[in-house]
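Here is the naming used below: chain letters follow the sequence lines, and residue numbers restart at 1 for every chain.
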Number of protein chains: 2
Amino acid sequence: MKATGKPTINDVARAAGVSKKTVSRVINKSPQLSEKTRKQVEKTIADLGFVPNLQARAFALRRNFIIAVIHDNPNAQLLVNVQQGVLEGIADTEFGLMVQPVDRTSPTIAEDIREFLERQRPFGVVLLPPISERDDLAELCREAGCRFVRMGSVKLDEAEHTVTSNDREAVREAVTYLIDKGHSRIALIEGPPGFTSPRERRGGFEEAMAQAGIAVDDELVKPGTYTFESGVNAGEELVRMTKPPTAIFACNDEMAIGAMIAARRNGLLIPEDISIVGFDDTPLSSHVWPNLTTVHWPIVDMARAAAKKIIGPPEQAASAEWLLPSTLMERGSVVPPKAK
Amino acid sequence: MKATGKPTINDVARAAGVSKKTVSRVINKSPQLSEKTRKQVEKTIADLGFVPNLQARAFALRRNFIIAVIHDNPNAQLLVNVQQGVLEGIADTEFGLMVQPVDRTSPTIAEDIREFLERQRPFGVVLLPPISERDDLAELCREAGCRFVRMGSVKLDEAEHTVTSNDREAVREAVTYLIDKGHSRIALIEGPPGFTSPRERRGGFEEAMAQAGIAVDDELVKPGTYTFESGVNAGEELVRMTKPPTAIFACNDEMAIGAMIAARRNGLLIPEDISIVGFDDTPLSSHVWPNLTTVHWPIVDMARAAAKKIIGPPEQAASAEWLLPSTLMERGSVVPPKAK
DNA sequence: TTGTAGGCGTTATCAT
DNA sequence: ATGATAACGCCTACAA
């Protein structure tokens with residue numbers, strides 16, 4: 001009768017003595033059903049061990065039960081954290097997780113994404129920075145009928161489609177923390193130009209300095225690209241200055257650790273000779289010595305929140321929290337500057 | 001006529017003046033079709049811009065066009081590399097990539113995987129180590145009607161279901177390289193007990209030493225867990241010995257770098273005072289200074305090969321290569337030992 | 001509140 | 001080699 005050996009909606013309908021539409025209504029938790037019928041059908045479902053066929057539902061609804069993470073981000077730890085967060089968000093549901101990298105520099109990126117969406121028809125999409133900032137790509141999701149959430153460092157869309165961290169505020173807090181420790185010659189290692197998160201982080205740095213009435217010394221602001229090497233390079237330049245900074249804020253942990261290596265290679269002790277603060281709170285930050293004081297970026301929480309917005313009712317997504325705060329993790333890489 | 005606005009197989013059939021089954025045969029490259037009909041239908045397909053609906057095909061075939069990576073592996077870089085490899089393998093096909101982590105320590109792992117396979121019905125599954133070693137989980141894939149490939153450090157299954165690296169041989173080569181440089185007091189930092197890859201890597205170490213007629217000094221074999229910290233700990237113990245080793249082989253890069261940190265913290269220069277070799281060739285190995293000499297683990301290639309085995313014809317999978325060689329990457333962390 | 005009829009887009013079966 | 005017809009399992013629209 002059934003090729004797969006599994007009961008279908010028809011089997012349930014027959015066994016329960018109702019139509020399959022009624023069974024369908026039970027599956028989909030339709031509100032207009034007598035309590036009696038619902039209970040009875042639910043019992044039959046349980047008795048038969050019926051599990052609705054996801055592919056058939058997907059076919060009828062023209063939507064797969066899948067959340068896709070679309071990204072153009074080379075950072076392995078970030079990706080895995082996002083995946084973990086999404087998986088937590090869809091735990092105990094019928095949803096699965098797909099991953100689709102794209103090439104930001106490709107002229108066909110929009111076409112590539114459209115094709116992906118039309119092929120796989122994911123229920124929803126999580127867009128990671130930096131491509132989450134592109135309105136045209138978000139529009140693509142809307143056109144394809146996908147729910148979507150854009151992750152970033154600033155609010156990119158309506159609450160329904162946004163999950164962000166408050167990088168600016170968190171950095172301001174971190175730099176203020178350095179200032180409160182007594183530092184005033186504070187260096188900044190920037191992130192790659194042209195992206196929002198580095199800009200926000202730099203903004204927070206400047207705000208903290210301005211708030212404390214300290215002028216930002218351009219000599220102490222070094223470019224970086226979020227890579228370990230760029231942190232080493234910037235660190236080298238900083239510690240070799242005739243009057244080096246007493247503290248460094250790096251826009252991510254990898255660069256902060258690069259700067260640590262550079263400082264140490266030049267004979268400086270950390271934190272005694274120079275304090276260092278990072279951003280992200282990657283596992284590495286607890287692995288180096290001294291443990292890196294850094295800003296915890298709640299990327300797992302953000303991804304979980306994004307997934308829940310997508311699979312939950314739209315009105316709930318609109319009212320749900322979209323700001324997940326970054327917070328300072330005080331560890332071992334900061335002390336007050338040496339008295340001169 | 002068509003709700004989605006897209007042409008369906010019916011539209012093609014009508015326009016081409018054939019039955020939809022014939023169109024289906026063209027889509028599926030059925031061999032028994034007259035060249036003339038095929039050409040004509042193909043032209044109609046192109047004219048109409050017809051793209052077969054993946055969900056409908058999936059429904060009819062009871063298989064989604066998806067490759068799932070099932071894993072219980074905490075290493076972010078490994079996961080991302082595997083994902084990249086699989087994506088390369090399915091590039092320009094209609095397949096997508098799903099990711100499903102599982103908990104190795106959970107008693108319900110088999111049930112969890114079965115449920116996932118029955119829910120999402122992936123076309124194929126890539127099993128990562130260490131769970132790829134469990135025959136019962138592979139059997140689960142077979143029962144669920146999924147193609148599958150098991151990745152590992154030894155041949156775990158028939159060629160059709162296997163992609164492996166030759167860790168043992170590669171380590172033997174790496175340690176022989178150290179011996180050829182003049183080292184004889186060579187330490188080993190092991191991987192976590194109970195898994196195959198650490199066992200193979202240790203085996204390669206022992207074989208190289210035996211081949212050179214050097215007895216393995218148990219004092220110089222330290223346990224590790226593949227983590228940075230365990231490398232630091234093992235490294236500390238080794239360099240503090242009254243007669244420390246002149247070289248260390250660590251079973252992965254993270255531990256090798258941990259050992260580098262430990263050595264340097266104890267006043268040793270690398271490679272002058274102590275040579276270090278790792279395994280994996282993670283990005284980090286080219287980021288530290290000196291660049292780490294390490295064994296390149298071809299994980300991306302392995303994953304690509306796995307994906308191709310899965311989506312290609314079975315007979316091809318059986319005959320395709322299943323062994324991807326690991327090779328030594330000579331960089332800056334090895335020199336001959338100091339003359340006494 | 002519940003049921004009937006029909007459709008979603010493809011593949012499989014079995015003719016011809 | 002090709003076609004007619006019936007699945008596949010669910011959902012929507014409309015009717016009762």
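- Taking side-chain N and O atoms only, T37(A) has no distance below 4.0 Å to OP1 or OP2 of dT1(C).
- S132(B) places a side-chain N or O within donor-acceptor distance of the main-chain N or O of M151(B), the cut-off being under 3.5 Å.
- I9(B) comes within contact range of at least one nucleobase, with a heavy-atom separation under 4.0 Å.
- Atom NZ of K20(A) and atom C1' of dC11(D) are 9 Å apart (whole Å).
- The phosphate of dG9(C) (OP1 or OP2) has no side-chain N or O of R57(B) nearer than 4.0 angstrom.
- Between N28(B) and dT11(C), a side-chain N or O to OP1/OP2 separation shorter than 4.0 Å is present.
- To the nearest angstrom, P of dG7(C) lies 16 Å from CZ of F59(B).
- Here the P atom of nucleotide dT10(C) and the CG atom of L54(B) are 10 Å apart, to the nearest Å.
- One atom, NZ of K21(B), and another, P of dA4(D), lie 14 Å apart when rounded to the nearest Å.
- F123(A) and F65(A) have parallel rings, their planes meeting at less than 30° on a 0 to 90° scale where 60° marks the start of perpendicular.
- Dashed line: the shortest gap from a side-chain N or O of S19(B) to OP1 or OP2 of dG3(D) is under 4.0 Å.
- Using a 4.0 Å cut-off, no side-chain N or O of R62(B) falls inside it from OP1 or OP2 of dC8(D).
- Here S24(A) reaches the OP1 or OP2 of dC11(D): one of its side-chain N or O atoms lies under 4.0 Å away.
- Side-chain N/O atoms of S34(B) include one lying less than 4.0 angstrom from OP1 or OP2 on dT2(D).
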